[in-house]
4 protein chains.
Amino acid sequence: MTTRENILKHSLHDFAFEGYGGASMAKIAEKSGITKSTIYSHFSSKEDIYLAVLDQFIHYSAQLWKDEKKRLETLHTESALRETLFNVYKNAQQNRALTIFWHKSMISPPAKIQAEVMDKISLPVQNMKDFLTHVFTKGIKSGEIPSEHNVPYLVNIFFGLVQCITLGHIFDENTDPEKMIEDMFNYFWKGIGK
Amino acid sequence: MTTRENILKHSLHDFAFEGYGGASMAKIAEKSGITKSTIYSHFSSKEDIYLAVLDQFIHYSAQLWKDEKKRLETLHTESALRETLFNVYKNAQQNRALTIFWHKSMISPPAKIQAEVMDKISLPVQNMKDFLTHVFTKGIKSGEIPSEHNVPYLVNIFFGLVQCITLGHIFDENTDPEKMIEDMFNYFWKGIGK
Amino acid sequence: MTTRENILKHSLHDFAFEGYGGASMAKIAEKSGITKSTIYSHFSSKEDIYLAVLDQFIHYSAQLWKDEKKRLETLHTESALRETLFNVYKNAQQNRALTIFWHKSMISPPAKIQAEVMDKISLPVQNMKDFLTHVFTKGIKSGEIPSEHNVPYLVNIFFGLVQCITLGHIFDENTDPEKMIEDMFNYFWKGIGK
Amino acid sequence: MTTRENILKHSLHDFAFEGYGGASMAKIAEKSGITKSTIYSHFSSKEDIYLAVLDQFIHYSAQLWKDEKKRLETLHTESALRETLFNVYKNAQQNRALTIFWHKSMISPPAKIQAEVMDKISLPVQNMKDFLTHVFTKGIKSGEIPSEHNVPYLVNIFFGLVQCITLGHIFDENTDPEKMIEDMFNYFWKGIGK
DNA sequence: AATGAATGAGCGTTCATTCAT
DNA sequence: GATGAATGAACGCTCATTCAT
């Protein structure tokens with residue numbers, strides 16, 4: 001792993017769990033096994049690192065939904081959507097820091113780079129929505145979904161379900177995550193059915 | 001407004017939009033029109049302020065769901081749930097800072113007081129879930145909701161919808177919020193129906 | 001001496017001898033027997049200190065020329081001008097730091113506050129020129145100085161002599177300062193005579 | 001222009017306008033279109049650059065006064081001195097950075113290399129004074145200047161006039177530089193006359 | 001209840017410099 | 001001759017907090 005990647009890894013973690021304001025160059029440097037000054041050989045500022053982490057997430061996300069599109073292409077709409085929810089859950093579990101980083105960037109980006117962050121973050125959101133638009137449109141075409149539904153609204157609502165799941169606040173010790181997702185999807189699917 | 005309330009008001013705003021690490025006593029003092037020292041006449045530390053803001057939210061939330069329970073008591077389950085979503089939306093719109101403060105406290109509380117925050121925050125969550133449990137149980141009793149459903153799962157899923165709506169990320173300039181909420185609820189309601 | 005005065009005293013010294021860029025908050029604090037942070041209880045920034053030192057000089061200078069005017073009012077023009085040069089020399093000797101600070105501020109003020117410094121520094125220059133204008137005008141009226149001379153030019157040239165003397169570069173170990181000033185003045189006085 | 005010359009050029013500029021403490025290797029490198037490291041292929045330290053710039057000035061100055069001596073050799077003393085002032089003015093105008101660098105080096109050289117700088121800077125001063133000594137001595141011999149004058153004092157005073165003019169603070173928007181110099185010289189010349 | 005002065009620790013950043021390539 | 005990566009020290013400044021008044 002290059003120094004740059006190393007810095008990005010630990011920055012992601014601290015931005016996610018401590019927040020932009022709470023993360024510090026000193027801690028990131030220490031965790032990365034280098035000095036504060038060295039960070040500045042690779043990034044011009046703390047903001048620059050944040051944006052680099054964001055770029056990394058965007059790239060990761062773009063690849064993810066591209067792969068997902070290909071992988072779920074052959075499935076029925078119902079299966080594709082159900083699988084999507086489960087995959088989102090697994091990904092969120094495996095990349096906890098990335099998930100939290102994403103959510104925080106959406107809820108309240110660092111004040112000074114708010115505009116730039118908001119601008120960048122719209123890309124992965126769009127990727128996800130494009131994927132969902134593709135699936136829902138196909139579902140209507142194939143007759144699996146009644147044509148009376150408005151695709152953008154379906155997309156946004158399903159996007160909401162995805163967020164619930166990635167955030168994970170709907171899961172508690174008394175509920176089984178998998179059953180929860182299964183139920184959530186079933187209600188939605190039955191809800192939009194004939 | 002007392003000095004204490006004044007401090008809490010501006011603290012809430014900065015904790016919400018700048019994060020715990022990003023908020024500073026100096027800025028809060030300045031916005032409140034007092035000196036830093038004065039803050040320490042009312043609170044013992046920054047953490048103390050955070051917990052006081054949290055307590056305020058808890059009290060506010062407890063009252064809210066108590067009122068909601070009374071207000072929706074006479075309605076059918078369907079109307080009660082639909083109204084709930086709309087009220088949640090209106091409240092989130094009117095109290096943007098409080099909403100963001102709540103979400104951030106859930107996602108990643110200040111590291112040093114994590115345990116205490118997690119402990120406290122479970123209360124408003126429980127208030128909300130108690131309310132929902134009450135409504136869903138009544139709905140099953142009255143036959144409006146099929147008895148095969150598991151109430152805790154219904155509650156958690158509906159709790160998820162509430163969160164989507166308060167966060168507001170499912171709304172974009174191409175969708176009408178009211179219609180979005182209407183659709184979301186309808187899918188859910190139809191989804192859990194017979 | 002108040003803390004503020006103490007800070008200003010050591011700041012003046014370091015700004016003069018190390019330059020604005022060369023002076024450091026840490027050294028000023030140390031010399032003043034306080035911590036770096038304490039400086040910021042009294043000044044908002046390094047630039048702020050610089051401007052405060054400048055203000056102090058301006059006030060000092062204004063008082064100086066006001067006193068000089070009163071003190072030399074009764075003398076003949078020749079004596080008044082001669083005395084002026086000697087007083088300037090004594091003052092420069094006694095307030096070495098202030099003199100150097102003044103010259104550096106004129107030659108090349110701190111880049112970031114250049115405009116503000118240039119603006120402020122014009123005041124003491126004007127004070128001095130006003131004094132000289134007063135003396136030369138009186139000298140022409142009384143007939144001590146031929147009326148064919150142009151007062152502004154006389155003032156600027158004499159202002160130049162003042163600067164030579166304050167800078168002190170014309171003095172070396174082989175020359176007697178007092179005689180040097182005496183000569184310099186005599187040449188000038190004879191030069192503008194009939 | 002060689003890399004070395006390029007570095008020296010930008011160093012001179014920054015030393016002059018930002019001061020030794022205010023100039024930085026990074027900025028000099030950037031302006032020179034090279035990396036910081038490359039500077040160290042040509043100079044061993046920041047101090048080394050400063051001394052190199054100083055050497056360059058010394059060489060430039062030595063050449064200048066040598067040329068001046070030759071050029072003004074055939075003129076009368078009066079013309080030679082008048083021409084000297086005008087040439088000094090033109091040179092100062094054309095080489096603003098060099099002039100400021102020289103003055104700052106005299107007023108307050110970098111603390112760490114003060115001794116070395118003071119030592120070196122005495123050379124161009126001596127060159128100038130040697131030139132002036134030559135002219136004044138010749139003037140006395142030829143009878144143009146009364147023999148009662150003490151040459152070193154004349155030299156130092158004229159050296160003061162030179163400094164006034166190079167510094168340029170005696171010029172303001174209400175005065176014509178050329179006339180100012182003309183007047184200054186005339187007063188001096190008449191002042192030392194019979 | 002409120003303040004001004006003070007502080008040690010830490011902030012993000014830049015400094016001049018080194019070294020292997 | 002020139003570079004990129006790295007560093008320890010220092011930079012100006014802000015942090016949360018204390019204390020006497």
Side-chain angles (χ1 to χ4, degrees), chain A residues 2-4 7 20-29 32-50 112, chain B residues 2-4 6-7 20-30 32-50 112, chain C residues 2-4 7 20-29 32-50 112, chain D residues 2-4 6-7 20-30 32-50 112:
Chain A
T2 67
T3 301
R4 188 188 157 90
I7 295 168
Y20 179 78
S24 93
M25 305 299 269
K27 279 178 215 148
I28 292 169
S32 306
I34 53 174
T35 61
K36 262 194 296 178
S37 335
T38 301
I39 296 182
Y40 287 89
S41 297
H42 298 268
F43 300 94
S44 66
S45 68
K46 195 183 177 185
E47 296 175 1
D48 188 32
I49 303 180
Y50 193 92
K112 287 193 179 174
Chain B
T2 67
T3 300
R4 187 189 157 89
N6 197 21
I7 295 168
Y20 179 79
S24 92
M25 304 298 269
K27 279 177 214 149
I28 292 169
E30 196 189 6
S32 306
I34 53 175
T35 63
K36 263 189 295 176
S37 310
T38 303
I39 296 183
Y40 285 90
S41 299
H42 297 268
F43 301 95
S44 67
S45 69
K46 193 183 175 185
E47 297 174 0
D48 188 31
I49 303 180
Y50 192 93
K112 287 192 179 173
Chain C
T2 67
T3 301
R4 188 189 157 88
I7 294 168
Y20 179 78
S24 92
M25 304 300 269
K27 279 178 216 149
I28 292 169
S32 306
I34 53 174
T35 61
K36 260 193 297 177
S37 334
T38 301
I39 296 183
Y40 287 89
S41 298
H42 299 268
F43 300 94
S44 66
S45 68
K46 195 183 177 184
E47 296 174 1
D48 188 32
I49 303 180
Y50 193 93
K112 287 193 178 173
Chain D
T2 67
T3 301
R4 187 188 157 89
N6 197 20
I7 295 168
Y20 179 78
S24 91
M25 305 297 269
K27 278 177 214 149
I28 292 169
E30 196 189 6
S32 306
I34 53 175
T35 63
K36 263 189 296 177
S37 311
T38 303
I39 296 183
Y40 285 89
S41 299
H42 297 267
F43 300 95
S44 66
S45 68
K46 193 183 176 185
E47 297 174 1
D48 188 32
I49 302 180
Y50 192 93
K112 288 192 180 173

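Naming: A, B, ... by sequence-line order, numbering from 1 per chain.
Atom CE in C:Met25 sits roughly 17 Å away from atom P in E:dC15 (whole-Å rounding). Between the OH atom of A:Tyr50 and the P atom of E:dG12 there is a distance of 15 Å, rounded to whole Å. We find that CD1 of A:Ile34 is positioned 18 Å from P of F:dG4, with the value rounded to whole Å. In this structure, the CZ atom of D:Phe43 is 12 Å from the P atom of F:dG1, given to the nearest Å. Between the CD1 atom of C:Ile7 and the P atom of E:dA5 there is a distance of 10 Å, given to the nearest Å. Between C:Ile28 atom CD1 and F:dC13 atom C1' the separation is 14 Å, expressed in whole Å.
Shown here for B:Asp48 and B:Ser44, the closest heavy-atom pair between the two residues is OD2-N, 2.9 Å. In this structure, C:Lys36 and C:Ala29 approach most closely via the heavy-atom pair N-CB, 3.6 Å. Residue C:Tyr20 comes nearest to C:Lys46 through the heavy atom pair O-NZ, 2.7 Å, listed as atom of the first residue, atom of the second, then distance.
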**OP:** Evaluate side chain to side chain contact (heavy atoms under 4.5 Å, CB included) for B:Ile49 paired with B:Met25, printing each intermediate quantity in order.
**Re:** CA-CA 10 Å; B:Ile49 303 180; B:Met25 304 298 269; 3.8 Å; yes
**OP:** Start with the C-alpha distance between C:Ile7 and C:Thr38, add both sets of side-chain angles, then the distance that settles side chain to side chain contact (heavy atoms under 4.5 Å, CB included), and finish with yes or no.
**Re:** CA-CA 10 Å; C:Ile7 294 168; C:Thr38 301; 5.5 Å; no
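At the phosphate of F:dG1, neither OP1 nor OP2 sits under 4.0 Å from any side-chain N or O atom of D:Thr38. At the phosphate of E:dA6, OP1 or OP2 sits under 4.0 Å from a side-chain N or O atom of C:His42.
Pair assignment for E:dC15: F:dG8, on the basis of Watson-Crick or G-U wobble contacts that are both within less than 3.5 Å. When both distances must be under 3.5 Å, the Watson-Crick or G-U wobble mate of F:dA20 is E:dT3.
Checked against F:dC11, F:dG4, F:dC15, the side chain of D:Thr35 finds its nearest nucleotide in F:dG4. Listed candidates were F:dA16, F:dC11, E:dC15. Nearest to the side chain of D:Lys27 is E:dC15.
Contacts of C:Ser37 with the nucleic acid, taken as non-hydrogen atoms under 4.0 Å apart, include base atoms. C:Ala29 comes within contact range of no nucleotide atom at all, as no heavy-atom separation falls under 4.0 Å. Within the 4.0 angstrom heavy-atom criterion, only backbone atoms of the sugar-phosphate kind lie near A:Ser24; the bases stay farther away.
Nearest-nucleotide assignment on DNA chain F puts the 5′-proximal partner with D:Ser41, out of A:Lys36 and D:Ser41. If you find the closest nucleotide of DNA chain E to D:Ala26 and to B:Ile39, the one lying nearer the 5' end belongs to B:Ile39. Each of D:Lys46 and A:Ala23 was matched to the nucleotide of DNA chain E holding its nearest heavy atom; the match closer to the 5' end belongs to A:Ala23. Comparing A:Gly33 and C:Tyr40 by the nucleotide of DNA chain F that holds the closest heavy atom to each, the one mapping nearer the 5' end is A:Gly33.
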